[in-house]
2 protein chains.
Amino acid sequence: MLKGNSSYIQQINKRLVLECIINEESISRASISKKLSLSKPTVSSIVDQLLEDEWIYETGNGESPASGGRRPVNLKFNPQKGYIVGVDIGGTKVAIGITDLNGKVCEFTVFPTQQYEGDSIFNEIQLGVETLKKRLHLSDSKLLGMGVGIPGVINMASGLVIEAPALKWTNFPILEKLKERFDYPIFVDNDVNISVLGEHWKGIGQKRDNLVYIAIGTGIGSGIMINGELYRGRNFSAGEIGYMVTDRDYAKNYRPVFDGYGFLESVASGSSIGNELSKRIGKRVTAKDAFDLYLKKDKDAVTVIDFAIENLSLGIANYISILDPELIILGGGVSESYHVISDKVQSIIDRFTPKKCEVVQTAFGIEAGVIGAVALFLKEYDSIFDI
Amino acid sequence: MLKGNSSYIQQINKRLVLECIINEESISRASISKKLSLSKPTVSSIVDQLLEDEWIYETGNGESPASGGRRPVNLKFNPQKGYIVGVDIGGTKVAIGITDLNGKVCEFTVFPTQQYEGDSIFNEIQLGVETLKKRLHLSDSKLLGMGVGIPGVINMASGLVIEAPALKWTNFPILEKLKERFDYPIFVDNDVNISVLGEHWKGIGQKRDNLVYIAIGTGIGSGIMINGELYRGRNFSAGEIGYMVTDRDYAKNYRPVFDGYGFLESVASGSSIGNELSKRIGKRVTAKDAFDLYLKKDKDAVTVIDFAIENLSLGIANYISILDPELIILGGGVSESYHVISDKVQSIIDRFTPKKCEVVQTAFGIEAGVIGAVALFLKEYDSIFDI
DNA sequence: TATTAGTTAGTAAGTCTTACTAACTAATAC
DNA sequence: GTATTAGTTAGTAAGACTTACTAACTAATA
């Protein structure tokens with residue numbers, strides 16, 4: 001806990017005033033004073049500073065009440081006060097975007113992740129960021145910083161990617177690589193962690209503070225938000241739902257095909273569904289193909305996918321029993337077929353959990369990772385503006 | 001977030017100073033000033049107030065350094081400044097204790113939980129508390145309040161025990177019942193929740209802030225501490241490990257014998273071990289009997305207990321995968337036989353989790369619940385003293 | 001053994017910063 | 001014209017800080 005002094009007091013109150021202005025479409029000094037129980041001179045003084053720093057602006061007068069009185073001056077938050085770069089590095093593509101403080105993606109670009117030496121990818125990112133800056137005519141001073149999402153285990157303190165199988169990185173000094181090319185603050189975290197931050201800020205998880213985001217794709221991983229804060233765990237390994245065991249007997253014969261691959265991933269991920277069905281029908285199919293066949297009631301597809309659904313549902317149910325979250329949000333390639341299986345999933349969950357919990361599919365599209373990466377930055381960056 | 005003003009600042013600094021004094025065996029004003037980067041007059045002013053309110057006391061002079069200089073005055077925390085009542089209501093017994101602010105149990109008593117109407121049990125508790133107060137010659141002003149632990153789901157906001165099967169309570173207004181008999185602040189929570197608080201404060205979980213406490217007895221439940229705070233979940237149902245499913249196929253035929261009873265409880269709790277073995281050998285045995293037979297390599301006992309161990313271990317492993325805690329502490333009747341099965345449990349856990357996590361048995365004895373209940377009170381009660 | 005120089009703990013007085021109250025002006029509805 | 005409300009100014013309150021001081025101590029020296 002920080003010791004208190006006068007400047008600490010003002011920092012607290014300034015954050016409160018700014019948050020108040022953000023939460024209302026527009027608001028007056030008198031209204032802020034009432035809402036926050038701060039005296040009118042105090043509010044006026046703080047508003048003067050926020051106006052000077054361009055966090056807010058005046059938008060003309062409001063209406064005076066029927067009882068009479070001076071018209072209030074309306075104040076509004078200025079989302080163009082600053083911009084943030086969001087970078088989402090995936091196994092197959094890298095997305096880069098620049099957003100304002102409302103999370104509006106002003107510019108966006110994507111390129112395929114190629115099997116370069118690690119450094120070439122950073123040169124490409126640097127080029128992408130410069131391109132987007134030019135399109136927006138952004139000065140350096142307007143850029144507050146950068147958030148980056150990566151599929152792997154990240155140690156935020158040391159700035160190392162401890163392991164990221166999809167990118168073939170181990171103990172990779174990503175923060176150093178990025179700081180060589182960008183001279184503003186940078187924060188890096190796991191991709192499902194930034195996803196739950198993004199859902200909380202601008203997604204389907206808004207206005208709730210205890211969320212779980214589960215990504216079901218080539219792997220299965222999850223991000224956890226508790227009391228409005230990302231929960232990472234002691235070894236930055238919280239949320240490894242892919243490791244969960246839901247079939248004791250079947251798990252006896254389970255052997256990980258590589259390090260960092262868990263039981264639930266081996267039975268319920270997109271790639272394992274595709275692989276298992278391919279084996280059975282003697283033909284190469286993808287997970288999407290598998291779901292299409294499932295809808296056509298193909299016997300093999302039904303067997304493989306029902307087995308996966310049962311394990312996945314139990315994994316989600318176990319999550320609910322342990323965390324009792326407000327909402328579970330599903331993302332990743334397999335979640336796009338969620339409507340196909342949602343009734344069955346919900347039925348299993350309802351049967352094995354103490355309390356009902358809503359499970360929904362993310363509403364975010366291709367820009368999800370960028371918004372999540374920006375949310376990471378805004379959460380970690382020390383400023384009077386917070387999300 | 002509270003708005004900042006001068007009295008808020010002083011509250012912050014007073015807490016910091018008190019915490020500093022508690023954390024050292026004894027300390028001087030000058031030392032506190034250095035440690036907290038507060039000016040010496042500020043520390044002196046705050047220390048004066050703490051002395052006046054008897055939170056601390058002076059214990060003579062320390063040594064001056066070899067470089068010369070005035071001897072410091074040593075200050076110490078006064079654990080007798082206040083006392084707290086802890087009440088642990090179990091299915092078979094009720095424990096009552098009074099502790100000081102160091103968690104020292106000064107007086108303790110226990111009586112069997114009898115099948116009274118609910119109110120008789122509160123009369124007995126009131127009698128017990130009065131008896132302990134008399135033994136300690138405690139005035140009312142010295143008693144800060146009461147913490148209570150109960151095996152069930154508690155809504156802390158409404159003060160209702162939503163359900164407690166072992167006590168046969170449903171939507172039971174426990175806070176009201178207690179406030180009728182005691183006129184100081186009272187906090188009630190689930191018994192595994194208070195257990196993890198107790199382990200954090202005075203138990204094996206000291207100095208760590210991300211803990212899980214798992215109680216394995218007639219049921220199986222757990223308490224979760226995250227970043228030093230108890231995590232209860234959206235419906236006060238977090239930590240319901242007893243509901244976890246670890247055997248997909250076996251769970252297909254699972255039917256709860258009553259509401260509030262989950263899959264893992266049905267295969268790994270003490271009562272289910274005893275019941276299952278009794279069925280097999282056609283003779284009534286307890287869980288303890290079962291473990292004794294297991295040690296003697298009785299075939300049926302081995303089958304039943306190995307099955308329970310596998311499921312329990314996978315449940316713990318799943319917990320580690322999801323939460324990545326610093327420590328898992330086991331309590332409850334079955335945990336007393338943990339040494340018998342710990343190697344097998346650890347082996348399964350190590351195989352199915354991404355990161356190693358220590359699993360230990362609680363070191364607490366009969367007074368565990370009382371200390372946990374007191375910890376609940378000290379966590380929830382708004383005072384400059386915090387744990 | 002007495003004295004002096006240097007160091008440290010704790011206190012006194014004044015200053016600074018921020019929020020507050022009281023009083024005021026500007027602006028509006030009825 | 002009166003009552004009401006928004007916003008501003010002047011002066012005050014509370015807490016922490018800085019500066020200077022006193023009290024108390026050790027090491028070095030005569």
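Below, chains carry the letters A, B, ... as their sequence lines are ordered, and counting in each starts from 1. Here the structure is a predicted model, which is why all the values come from computation and not from measurement.
Note: B:Leu323 CG to B:Ile226 CD1 = 5.5 Å, rounded to the nearest 0.5 Å.
Not one side-chain nitrogen or oxygen of A:Asn5 sits closer than 4.0 Å to the OP1 or OP2 atom of C:dT18. Distances shown here put a side-chain N or O of B:Lys3 below 4.0 Å from the OP1 or OP2 atom of C:dC20. For D:dC17, one of the phosphate oxygens OP1 or OP2 lies less than 4.0 angstrom from a side-chain nitrogen or oxygen of B:Thr42. For A:Gln10 and C:dT17, the shortest distance from a side-chain N or O to OP1 or OP2 is not below 4.0 Å.
Summarising the geometry, the separation between CD1 on A:Ile12 and P on C:dT18 is reported as 13 Å, rounded to the nearest angstrom. Between A:Ile32 atom CD1 and C:dA19 atom C1' there is a gap of 16 Å when expressed in whole angstrom units. Rounding to whole angstrom units, CD1 of residue B:Ile9 and C1' of C:dT18 are separated by 8 Å. Between the CD atom of A:Gln11 and the C1' atom of C:dT18 there is a distance of 13 Å, given to the nearest Å. One atom, CG of B:Leu36, and another, P of D:dA16, lie 12 Å apart when rounded to the nearest Å. Spacing between atom CG of A:Leu38 and atom P of C:dT21 amounts to 11 Å, rounded to whole angstrom units. In this structure, the CG atom of B:Asn13 is 12 Å from the C1' atom of D:dC17, given to the nearest Å.
Using a 4.0 Å cut-off between charged side-chain N and carboxylate O, A:Lys379 and A:Asp386 make no salt bridge. Contact check on B:Glu54 versus B:Lys81 returns no salt bridge, with no Lys/Arg side-chain nitrogen under 4.0 Å from an Asp/Glu carboxylate oxygen. Salt bridge present: A:Lys133 and A:Asp140 bring a charged side-chain N and a carboxylate O closer than 4.0 Å. A:Lys14 has no carboxylate O lying under 4.0 Å from a charged side-chain N of A:Glu52, or vice versa, which leaves the two without a salt bridge.
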Which nucleotides of DNA chain C pair, in dot-bracket form (Watson-Crick or G-U under 3.5 Å, | meaning another strand): ||||||||||||||||||||||||||||||
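Between A:Ile56 and the options A:Val47, A:Asn78, A:Ile22, A:Val17, a side-chain contact (heavy atoms from CB on, under 4.5 Å) holds for only A:Val47. Shown are B:Tyr83, B:Phe187, B:Phe182; of these, the ring pair (Phe, Tyr, Trp, His ring centres under 6.0 Å) with B:Phe377 is made only by B:Phe187.
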Base versus backbone protein contacts along nucleotides 7-13 of chain C [heavy-atom cut-off under 4.0 Å; B, S, -]: BBBBBB-
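With contacts defined as side-chain heavy-atom distances shorter than 4.5 Å, the pair B:Pro72/B:Asn61 does not qualify.
Both A:Val43 and A:Asn61 lie close to DNA chain C; mapped to their nearest nucleotides by heavy-atom distance, the more 5′-ward contact belongs to A:Val43.
Backbone-only engagement by A:Ser64 is indicated by non-hydrogen atom pairs under 4.0 Å involving sugar-phosphate atoms exclusively.
Side chain of A:Ser7, nearest nucleotide from D:dG15, C:dT18, C:dA29: C:dT18.
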Check against side-chain hydrogen bond (donor to acceptor under 3.5 Å, both in side chains), B:Thr42 and B:Ser45: CA-CA 5 Å; B:Thr42 297; B:Ser45 168; over 6 Å; no
